[in-house]
Amino acid sequence: MNSYRTHHCAELRKSHIGQKVTLSGWVSSRRDHGGLVFVDLRDREGLTQIVLDPHSLPAAHDLRSEFVIRIEGEVVGRPEGTVNLKLSTGEIEIKATQLDVLNRSETPPYPLDEEHVNEDLRLQYRYLDLRRAEMAHNLKLRHRVCKTIRDYLDEQGFLEIETPILFKSTPEGAREYLVPSRANPGLFYALPQSPQQFKQLLMVAGAEKYFQLARCFRDEDLRADRQPEFTQVDLEMSFIEREDIYRLIEGLLQRIWKTSIDHEVKLPLERITFQQAMNSYGTDKPDRRLGMELYDFTETFKASSFKVFASVVAAGGVVKAMNAKGFACATQGQIDHLTEQAKAAGAKGLAWIKAEGGTWKSPIVKFFNDAEKEALTRGLKIEEGDLILFAADQWQPACEVLGKLRLVIAGMLQKMGKLTVPKGVYDFFWVVDFPLIHFDSEAQRYMASHHPFTAPIPEDLSLLEKEPTKVRGQHYDIVLNGVELGGGSIRIHQPEVQKKLFEEVFKIPKEIAETRFGYLIRALGFGAPPHGGIALGLDRLVAILCGAESIRDVIAFPKNARAQDLMTGSPAEVESKQLRELRIQTEIKALAAS
RNA sequence: GGUCGCGUAGCUCAAUUGGUUAGAGCACCGCCCUGUCACGGCGGGGGUUGCGAGUUCGAGCCUCGUCGCGACCGCCA
């Protein structure tokens, strides 16, 4: 025990009454009554009320917010009627006999207990922001989760192995951060988007079970749940099948939820196919808590006199609909907004029906016959006050349009108080049987849906040449409350299969495939074991556990939406000497000079 | 790159149809106060309304531009 503290500020209870204690911390608030001063003393763990008598401790009058002080005193019970039930330490207080100001503080630029402060300011003074109880709690919970992950995976026989941060550019995926090499002028490293290739090489190396809390870097535009650097729980195993991954990760999630928030996750988790997810929710990461499933009416409208629907069906498309329960009150403005959203998602327009005032109000209902109306009423369980929305297109675009509207409408209904997402519900499930390959209309070639190392499902292998988009991959995503928590796959371990995909399916020129992935294919040729793995987004996972809106709230020093650190002022210019050493010239300087 | 929203005191916000000297709470400074916990009372300081143009007799408010921040779309194998 050192001279600063005998206890922390959330520790003392009635049972400590009479003890002489020393506490150190920050002045959270001060209530100066002239002849008596109360201070809420805060440290990482919590608050304790200090009572100071300014007659013996005159410095008590000079205390201000965020001063760092040390207090000696006696734990006393609070007088009758002054107990504060909001504080865990609210039954006691410290009668100070000694006050030392360890450090003064500038007036804080914003009140630390204020909820809705400009995020700029919070980020600029992040060290103050992190003093707030909520942020301190988030950091603690994140630590608890990391510790649980390490303990669990250690028990399961995993080795924590670090992989390089200075890696090589592999422009197949996300845009990368580049790092110039002074020793090799004109050449660049790239920061890894993920340790994907290294973890596969570790399997070839016989590591068998690898994991890492891996920092990953992507130079893409940011979102509330996207940072330029973020952390993945990255792992890979040899001699395993998909079922082994499911079992392992389910156990891990169960343990994390138990140790961090004492919530029981029931196992095994449900599995749905990509096909089912799209069909029922129009997305591969559905938030099933919202209800509002999509239904198919292709058969109903096959021969409809409503030509818009009938012609889509004739062209091999589908007619899908969803019931936005209780949203018949949607204003014209809201309908217009939904139509815009639908168009942005690729629809040509938006057909809708309002069940209102005992009748159906809709621009299209006049084309429907009784059988069609009956099918809709039954299939969508239409009741007074409902809003029905349609999408007619090829299967996937039709699903996606309604999937997007479903989320927009859920947001609107929540604002109106007509839809409440239940709290404390954690809807985990696996999404499986993803298509291995999709056709990218922009690049005019087939692309890997996940990444190019994903193994096909063996029975689909024969389709690879003729109908590549029908091949399913041994890929799996774990979804929680509409958030993609992570994903992974069984990898290709035969070099000839990997080569075939690169060169014949993805049409990556031989030389490029060689320089980009040659070492990996070569490694696979030296007895690579069957292997697979998964990566979980740690920031998102912790954010959900904390109930945080943004992953910025669970990262100690995050960047803003422009990828800047407002506290340190990075990124920043560098000395021209540094650039010369790297043999780098920037266009910006040339532009400024001209 | 695009769409939308926001920008007024240190912080959170207000300011009627475009109308006099831009207000309030908290914070800050001074004085008073022995049971507060959002302590209270009295007094005080604090503003280039993000910036720049324009319209107008007159702009925090309208228009254009610009900068900053945020959300979303694109992007994120």
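The distance from atom OG of S29(A) to atom CG of L112(A), rounded to the nearest 0.5 Å, is 11.0 Å. Here CZ of R175(A) is found 11.0 Å from CD of Q193(A). Values are rounded to the nearest 0.5 Å.
Close to U3(B), at under 4.0 Å from its OP1 or OP2, lies no side-chain N or O of Q341(A). Side-chain nitrogen and oxygen atoms of R31(A) include at least one within less than 4.0 Å of the OP1 or OP2 phosphate oxygen of C39(B). For A38(B), one of the phosphate oxygens OP1 or OP2 lies less than 4.0 angstrom from a side-chain nitrogen or oxygen of K86(A). The phosphate of C69(B) (OP1 or OP2) has a side-chain N or O of N560(A) nearer than 4.0 angstrom. Between R30(A) and U36(B) there is no side-chain N or O to OP1 or OP2 distance below 4.0 Å.
Side-chain proximity of V117(A) to the nucleotides G10(B), U12(B), C37(B) is greatest for U12(B). Comparing C76(B), G74(B), C72(B) by their closest approach to the side chain of A224(A) singles out C72(B). For D221(A), counting side-chain heavy atoms from C-beta on, the closest listed nucleotide (G1(B), C11(B), G35(B)) is G1(B). Taking only side-chain atoms of R64(A), from C-beta outward, the nucleotide of C28(B), C11(B), G35(B) with the closest atom is C28(B). Here the side chain of E119(A) is nearest to one of G35(B), C76(B), G70(B), namely G70(B). When distances run from any side-chain atom of T82(A) to the nucleotides C11(B), C75(B), C37(B), the shortest one goes to C37(B).
The separation of C69(B) from C28(B), taken at their C1' atoms, amounts to 26 Å, rounded to a whole angstrom. C26(B) sits 33 Å from C72(B) when the C1' atoms are compared, rounded to a whole Å. The separation of U56(B) from G47(B), taken at their P atoms, amounts to 32 Å, rounded to a whole angstrom. Comparing U21(B) with C6(B), their C1' atoms sit 29 Å apart, to the nearest whole Å. Of the C1' atoms belonging to U17(B) and U12(B), the separation is 28 Å, rounded to the nearest Å. Between A27(B) and C64(B), the two P atoms lie 41 Å apart (nearest whole Å). Across the C1' atoms, G52(B) and G7(B) are found 16 Å apart, a figure rounded to whole Å. The same atom, C1', is picked in G18(B) and in G54(B); the two are 15 Å apart, to the nearest Å.
More than 12 non-hydrogen atoms from other residues, nucleotides or ligands lie less than 6.0 angstrom from CZ of R289(A).
For G74(B), its base sits under 3.5 Å from the side chain of R223(A) at one donor and acceptor pair at least. At a cut-off of 3.5 angstrom, the base of C76(B) holds no donor-acceptor pair with the side chain of R218(A). Below the 3.5 angstrom threshold, one finds no donor paired with an acceptor across the side chain of E220(A) and the base of G74(B).
Rounding to whole angstrom units, CG of residue N118(A) and P of G50(B) are separated by 13 Å. If you measure from atom NE2 of H33(A) to atom P of C32(B), you get 16 Å, rounded to the nearest angstrom. Taking atom CG of D53(A) as the reference point, atom C1' of C33(B) lies 14 Å away to the nearest angstrom. What separates CG of L41(A) from P of C37(B) is a distance of 19 Å, to the nearest Å. Atom-to-atom, NZ of K404(A) to C1' of A71(B) comes out at 13 Å; the value is rounded to the nearest Å. One can place CG of L222(A) at 12 Å from C1' of G70(B), the figure rounded to the nearest angstrom. When the C1' atom of A38(B) is taken as reference, atom CG of D113(A) falls 8 Å away, rounded to whole Å. Separating the CG atom of L121(A) from the P atom of A9(B) is a distance of 11 Å, rounded to the nearest angstrom.
Within 4.0 Å of P109(A), counting heavy atoms only, lie sugar-phosphate atoms of the nucleic acid but no base atom. In this structure, R552(A) reaches the sugar-phosphate backbone alone: every heavy-atom distance under 4.0 Å involves primed, P, OP1 or OP2 atoms, never a base. Note on S449(A): only backbone sugar-phosphate atoms sit closer than 4.0 angstrom, heavy atoms only; bases stay farther off. Residue P452(A) is classed as a base contact, given a heavy-atom separation below 4.0 Å to a base. Across all strands shown, R562(A) has heavy atoms under 4.0 Å from sugar-phosphate atoms exclusively, and none from any base. Among the atoms of the strands shown, only primed sugar atoms or phosphate atoms (P, OP1, OP2) are found under 4.0 Å from some heavy atom of Q564(A). If you check every strand for non-hydrogen atoms under 4.0 Å, D32(A) touches a base.
Of all nucleotides present, none satisfies the Watson-Crick or G-U wobble test against C39(B) with each distance under 3.5 Å. Across all strands shown, G25(B) forms a Watson-Crick or G-U wobble pair with C11(B), both key distances being under 3.5 Å. Pairing for G58(B) is absent, judged as Watson-Crick or G-U wobble with the two contacts each under 3.5 Å. Under the Watson-Crick or G-U wobble criterion, with both distances below 3.5 Å, C64(B) is paired with G52(B). Pairing for G1(B) goes to C73(B), judged as Watson-Crick or G-U wobble with the two contacts each under 3.5 Å.
In this structure, E504(A) does not pair ionically with K499(A), as no charged nitrogen and carboxylate oxygen lie closer than 4.0 Å.
In this pair, F38(A) lays its aromatic ring flat on the base of U36(B), centres within 5.5 Å and planes under 30 degrees apart.
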> Which is it for E176(A) and S169(A) under the side-chain hydrogen bond (donor to acceptor under 3.5 Å, both in side chains) test, yes or no, and what are the steps along the way?
Replying inline: CA-CA 7 Å; E176(A) 301 164 313; S169(A) 176; 2.7 Å; yes
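Comparing L87(A) and H438(A), the nucleotide of RNA chain B nearest to each residue sits closer to the 5' end for L87(A). Along RNA chain B, the nucleotide nearest to H55(A) and the one nearest to D120(A) differ in position, and the one closer to the 5' end is contacted by H55(A).
A centroid separation of 6.0 Å or more is found between the aromatic rings of F217(A) and F230(A). Ring pair H451(A)/H475(A): centre-to-centre distance not below 6.0 Å.
With D234(A) as the partner, the side-chain hydrogen bond (donor to acceptor under 3.5 Å, both in side chains) test is satisfied by one option alone out of Q196(A), K199(A), Q212(A): K199(A).
A perpendicular orientation is assigned to the rings of H33(A) and F38(A), their planes being inclined by more than 60° (bins at 30° and 60°).
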